[in-house]
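Remember, predicted model here, so these are calculated numbers, not experimental data. Nothing fancy with the numbering, it's 1 onward along the sequence.
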Amino acid sequence: MTTTSEAPAARADAPTDAGLRRGVMSGPELAAQAIANIAPSAVIAFTAAGIFIGAGNGTMLSFVLATIVILSVGYCVAVFAKKHASAGSLYTYVAKGLGPFGAYLAGVALLIGCWGIAAGSLGGSVSYFNQFLLLIGVPFEGVFAQITLAIVLGGLATLFTIRGIRLSARVSLVLELVSVAIILVLLVLALVWAGPNAWDPAQFSLEGVPFQGVAAGMVLGILGFVGFSSADALGREAKNPYKAIPRAIMWSALGVGVLYVFSAYTQIAILGDDLATVASPLEAISAKIGMPAWFGPVLTFGVGASFFAVVVAPLNVVGRIIYVMGKEGVVAERFGRTHERHLTPHRVLLVAGPAAIALDVVLLAIGVHPMDIVVWVDTYGTYGYMVAYALVAIACVVYTRREKMRNGLVWVCATVAVVAMAYVFFANVWPVPAWPLNVIPYLFLITMIAALAWYLHLAKRRPEVLANIGNTETDALEGVG
């Protein structure tokens, strides 16, 4: 049985909202949104090598444990998604268990996560497409070239999200499928090339595996899944959302987890100890097995496409969360309206997209390498995701207990999720990382404190708004979309 909450009453003179498009996203398109937000190709390109430095032959185990943690979070999200459909994502779900304040914190944290990952991934897209152009003989390099690419790629991502959810989802799906296919072809060919040596029993024996390194590697593995639940922001736009969204969340997480484990095994089996030292493992594998020269640009394009897809996908989530907040009076009412023809939250996207571009342009202009932008800004966004995931897990326990639902598995999954998120957060701040990563936690806290100040302002000046927070579900949304 699904529940429906009343939307906040619209003013008599308020402009009519066209609404989000209703029931247009199929199951595969929802999965595309989730997978694009994860960007598995970009993760495969670097994360296994980072984990291998500390975990060695336990790298696969790190990914397995990370997948279990993410499936635990996903199960808590799915419990809500089976009962509630909204464009508010975790913001709406947390309200069902922790009330307005918890929902607001989760919403702000998720916005930080989504926007941070979008802005950071734009740097990765710039880096790889710049490299791609150079590989195919286009002399386009230097800071001016990078800034131009940031504006063009960021502008395209914003345009796709404004033109429609199906368009942006399909663009993300095609790019991610192409990217994953390129990488899988390389990895399978590498195993064929290795012949009998492709079997590496040491990766399964775990003998001599440093379990502290495995735990540290699990942190990187978990970070490789952030954004996996983004399909839950498409409650109004999904067909049969109460079944399709939970399936998209769980199956996309499981599928990507299997892909990570396979890629980690193959990279270790082919490169061995060299995996800890090579700058680009996939390029190293390509060179080692003698792939033709034309495959280099193809591989580079694939990773760049994956980064671009993860610029598009989280912007969709940002747009829909703030759209719901606009409906509820948490932010300006004008953000709670959609484009009359495209039926997307265009006003939000015209702020969030250019803001991501502006950040990257500033960092590039002062000489920051595009891949450093990925590390720095994605780290900022990751803190947001960790807080939002922990809150939705806690909210799920409270919600199922209050609704008298069977929640034994919820308790287990929530405990795993909260402990893991706390560990991930701690591992990113201690030992204290080098500058500027050491100041990023404080930037995140400052953002959260500023958001808390706005909440206190609402509580004092517009207390009626607090009752609306997190209560706008699909059937309560205005509009004809």
Salt-bridge criterion met for Glu29 and Lys239 (N-O under 4.0 Å)
no
Tell me whether the rings of Phe308 and Phe160 are parallel (<30°), tilted (30 to 60°) or perpendicular (>60°).
perpendicular
Rounded to the nearest 0.5 Å, what's the gap from NE2 on His346 to CZ on Arg163? Could you check?
13.5 Å
Mind telling me whether Tyr380 and Phe444 have parallel, tilted or perpendicular rings, with 30° and 60° as the class edges?
perpendicular
Kindly say whether Val330 contributes a backbone atom to a donor-acceptor pair with the side chain of Trp454 at under 3.5 angstrom?
yes
Pairwise distance CG(Leu135) to CG(Leu299) - rounded to 0.5 angstrom
10.0 Å
Ignoring hydrogens and geometry beyond distance, is a side-chain donor-acceptor pair present between Thr161 and Asn316 at under 3.5 Å?
no
Using the ring of each side chain (for Trp, its six-membered ring), is Phe63 parallel, tilted or perpendicular to Tyr260, with breaks at 30° and 60°?
tilted
Flag, side chain of Asn130 to backbone of Gln146, donor-acceptor distance under 3.5 Å
no
For residues Tyr383 and Phe425, determine if any side-chain heavy atom of one lies less than 4.5 Å from a side-chain heavy atom of the other.
yes
Keeping the roles fixed (side chain from Thr59, backbone from Ala55), state whether a donor-acceptor pair exists under 3.5 Å.
no
Partner set under ring pair (Phe, Tyr, Trp, His ring centres under 6.0 Å) for Phe301, not counting sequence neighbours
Phe129, Phe132
Given Tyr323 and Glu328, is the side chain to side chain donor-acceptor pair (under 3.5 Å) satisfied, shown in steps?
CA-CA 9 Å; Tyr323 171 74; Glu328 297 174 346; over 6 Å; no
Donor-acceptor check, side chain of Ser125 to backbone of Ser121, threshold 3.5 angstrom: yes or no?
no
Could you verify whether a donor N or O on one side chain and an acceptor N or O on the other, from Glu176 and Ser41, lie under 3.5 Å apart?
yes
Are the side chain of His339 and the backbone N or O of Thr344 linked by a donor-acceptor pair below 3.5 Å?
no
